[in-house]
Amino acid sequence: MTSLPTHTDKSLGLVIDLDICVGCHACVVNCKEWNTGGYGAPLSDQNPYGADPVGSWLNRIHTFEVEATDGSGCSSSEAQILSNGKDARVVHFPKSCLHCDDAPCVTVCPTGASYKRSEDGIVLVNEDWCIGCGLCAWSCPYGAREMDAAEGVMKKCTLCVDRIYNENIPEEDREPACVRTCPANARHFGDFSDPNSDVSVMVAERGGMDLMPEQGTKPVNKYLPPRPKSRPVQSAPSDLVALAEPEAKGFLGWLDSALEKMG
Amino acid sequence: MHPASSIIVFTTLSGMGFGLIAMLGLGAAPSDGTAGLVACALAFILTGIGLASSTFHLGHPERAWRALTQWRSSWLSREGVLAVVTLGLFAIYAALWVFAADRVAIVGILLTLLSLVTVYATAMIYGSLKTVPRWRTGLTPLCYLLFAGAGGALLAATVSSLMGSGAQSSLYAALILMVIAWAAKFVWWSRADRTTLASIGSSPETATGLGSIGKVRLLEAPHSSPNYLMKEMVYRVGRKHVQKLRLLAVVLGGAVPVLALLVAAVSGGGAGLLVIAVLSHLIGMMAERWLFFAEAEHAVSLYYGHR
């Protein structure tokens, strides 16, 4: 049924901290590793060792350069810090399905294969029903869906639905593979419908944001913006070499100061 | 967007086919059984090839029947249901026409309405996508409908002319619809050229949420070779030929058929000329549809250094 649920009991999703992500791609690799053997068909690669490898992945990291522009929505102090010398900063940007509340990928599906669960809000594809028409990928502004060339069905992030409720794995592993593996702790999993959950508190404290809110998709996943960039002290000591030299004591110390005085 | 040939064939041929059914429903073409056979066979062939072609790009064509189930929310599903219903009713209408030379007027009117709603649903598959700003306008279904009507009337006039009678009303309908359709297409193009992702407020800054810091530029792509998203939605090949292709579309799809129709209307014959007009119109429509897809920019391109 491709009509969206009017209400979901839980609203499970991710918080991704753009201040912390170091762009190591560990979440990308662990996502592929888990999901190629988990829910649904394997995530195939075509020509993986050839000149033009291509494959389906559910999580990708883009790296953006942000050039600070004067007064473009920055607070004055922030703008001053960031735009000093027109410096640019690099932001690593992990992107996977945002499990939108108003998911266009669900309503455009002609078969009922694409659906949003009323119990936890996860958007899934029933791969036994999917005809591989690709319209859901066209309707998604985020590029969260990729057609599997070997299987002919649409693949997308399942929020590791086969981990988070899985009682056969240790409790600490019952979170999405990308969250579990992140060495920098830039990814967090939780229930946004609970205002006291860790993810809800993080979003409230750090100003968590929606991607492309103008598209009207009401994404569940939130991104935490990078904190204002800190800069080294402006009046750095001019003679850095001297600082690095070991302090001379005793006879060598006397010799050192005596020679200094001689000029 | 990637202009898949299967989708171009689907939208052009099924558009012309349902346009022809709409015209036949209004009483176009001679009412004898032979003319009915030719006209109805043509309509079935065009819609049949079009709909079959639409299943060619599917990952699982054998499950295509499932696409008839979600008509409550999906325009693609509605299009499928409407096409099946229209063709089913048309089969009855055609059988009565061919074998009993009886054209049931009320069924004809119903077929005209159903055909037009089917074409509307086809257009809304694209016209309802927020991710492609240039498609998302009421002008998109308007153009699809007018082109279907113009193509259908041209076909009806050609069939009538080949059968040697009663082509005049179809000729005039084709002429008028052809001119209005291309006028609408010019308005569509003019709007499309102004309607970008930026004009609806989407940019790399909103796509990443980093606009509050400054201007966002892709530094490093997430993968080293193009993936499904880039092949399907960040398609840019051939955009440099846009103006030439638009000219080709207008000349072959509009000017040549209009001239042929005028000559046929004045001379009262010219069946051969009309056949050429049909082929020319079809090629022109394929160019128009190729541009419809190839020129369209999709929101996901914002993540891939689109500017």
Side-chain angles (χ1 to χ4, degrees), chain A residues 1-3 18 28 52-57 60-69 72-74 82-83 89-91 93 95 104 107-113 129-135 137-143 146-147 149 151-153 209-216 223 225-226, chain B residues 1 55 57-64 66-80 125-126 128-132 200-202 204-229 231-233 298-300 302-304:
Chain A
M1 186 61 212
T2 54
S3 293
L18 297 179
V28 177
D52 298 302
V54 63
S56 23
W57 300 68
R60 307 259 194 190
I61 297 185
H62 300 238
T63 298
F64 293 101
E65 184 182 52
V66 193
E67 186 187 290
T69 43
S72 65
C74 296
L82 293 173
S83 65
R89 61 189 297 171
V90 169
V91 178
F93 188 90
K95 185 168 64 62
T107 52
V108 299
C109 176
T111 68
W129 288 8
C130 177
I131 57 174
C133 70
L135 189 58
W138 284 20
S139 76
C140 173
Y142 309 109
E146 297 187 17
M147 185 87 78
E151 202 61 29
V153 296
M209 56 197 183
D210 288 347
L211 304 184
M212 276 193 266
E214 72 278 4
Q215 286 277 339
Y223 284 74
Chain B
M1 304 294 291
T55 64
H57 81 288
L58 297 181
H60 282 275
E62 80 283 4
R63 298 177 187 160
R66 287 193 184 276
L68 303 178
T69 60
Q70 301 302 313
W71 47 270
R72 286 180 200 82
S73 72
S74 165
W75 279 109
L76 178 50
S77 186
R78 285 170 198 164
E79 196 270 343
I125 296 171
Y126 313 107
S128 64
L129 293 179
K130 255 189 183 171
T131 46
V132 185
I200 64 155
S202 289
E205 287 75 34
T206 65
T208 57
L210 298 170
S212 61
I213 299 175
K215 192 158 170 48
V216 176
R217 187 176 73 82
L218 183 70
L219 184 65
E220 199 167 356
H223 34 85
S224 51
S225 58
N227 67 344
Y228 169 76
L229 299 173
K231 289 174 183 169
E232 193 74 5
M233 283 164 276
H298 188 284
V300 82
L302 297 171
Y303 292 106
Y304 285 94

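Lettering of chains follows the sequences in order, A, B, ..., and the numbering in each one begins at 1.
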H223(B) vs V54(A), side chain to side chain contact (heavy atoms under 4.5 Å, CB included): CA-CA, chis, key distance, verdict:
CA-CA 9 Å; H223(B) 34 85; V54(A) 63; over 6 Å; no

Mind checking the OG-CG spacing from S77(B) to L135(A)? Nearest 0.5 Å is all I need.
11.0 Å

Taking side chain as everything from C-beta outward and backbone as N, CA, C, O, which of these in F93(A) sits under 4.5 Å from a heavy atom of chain B? Side chain, backbone, both or neither.
side chain

Check for a donor-acceptor pair, side chain of S225(B) on one end and backbone N or O of P53(A) on the other, with a separation under 3.5 Å.
yes

Side chains of N227(B) and R60(A) in contact at under 4.5 Å (non-hydrogen atoms):
yes

Value rounded to 0.5 Å, distance of CD1 in I125(B) from SG in C133(A):
9.0 Å

To the nearest 0.5 Å, what is the distance between CZ (R72(B)) and OG1 (T107(A))?
14.0 Å

If you apply the rule side chain to side chain contact (heavy atoms under 4.5 Å, CB included), what do you find for L219(B) with F64(A), and how did you get there?
CA-CA 5 Å; L219(B) 184 65; F64(A) 293 101; 5.8 Å; no

Report the C-alpha separation of L302(B) and M212(A) in whole Å, then their side-chain angles, then the decisive distance to 0.1 Å, and conclude whether the side chain to side chain contact (heavy atoms under 4.5 Å, CB included) test is met.
CA-CA 10 Å; L302(B) 297 171; M212(A) 276 193 266; 4.1 Å; yes

What part of A64(B) lies closer than 4.5 angstrom to a heavy atom of chain A: side chain, backbone, both or neither?
backbone

Whatever's closer than 4.5 Å to a heavy atom in chain A on L218(B) counts as both

By side chain to side chain donor-acceptor pair (under 3.5 Å) - contacts of T206(B) (at least two apart)
E214(A)

Flag the pair E65(A) and R217(B) as a salt bridge only when some basic side-chain nitrogen lies within less than 4.0 angstrom of an acidic carboxylate oxygen.
yes

Which atoms of V28(A) come close to chain B, meaning under 4.5 Å heavy atom to heavy atom: side chain ones, backbone ones, both, or neither?
neither

Atom pair NZ (K231(B)) and CD (E146(A)), whose distance is rounded to the nearest 0.5 Å:
11.0 Å

Does any N or O in the side chain of R63(B) come within less than 3.5 Å of the main-chain N or O of C130(A), such that one atom is a donor and the other an acceptor?
yes

Just give me the residue among G134(A), S56(A), G132(A) that pairs up with chain B most often, heavy atom to heavy atom, under 4.5 Å.
G132(A)

Can you find a pair of side-chain heavy atoms, one from L18(A) and one from L210(B), that are under 4.5 Å apart?
yes

Part of L58(B) within contact of chain A (heavy atom distance under 4.5 Å):
both

In the structure I gave you, are the side-chain heavy atoms of Y303(B) and L211(A) within less than 4.5 Å of one another anywhere?
yes

In Å, rounded to the nearest 0.5 Å, how long is the span from CE of M147(A) to OH of Y228(B)?
4.0 Å

Considering only heavy atoms and a distance below 4.5 Å, find which of R66(B), E79(B), M1(B), H57(B) pairs most often with chain A.
R66(B)

Is there a side chain to side chain contact (heavy atoms under 4.5 Å, CB included) between Q215(A) and S202(B)? Walk through the geometry before answering.
CA-CA 8 Å; Q215(A) 286 277 339; S202(B) 289; 3.8 Å; yes

On a heavy-atom basis, the closest approach of C109(A) and S74(B) is O-CB, 3.4 Å

Minimal heavy-atom distance between P110(A) and L76(B), with the atoms involved, is CG-CD2, 3.5 Å

Could you pull out all residues at least two apart from T131(B) that satisfy side chain to side chain donor-acceptor pair (under 3.5 Å)?
H298(B)

Check whether H60(B) reaches the backbone of E151(A) with its side chain - one donor and one acceptor, N or O, closer than 3.5 Å.
yes

With respect to chain B, which residue among A137(A), G55(A), P225(A) yields the maximal number of heavy-atom pairs within a distance under 4.5 Å?
A137(A)

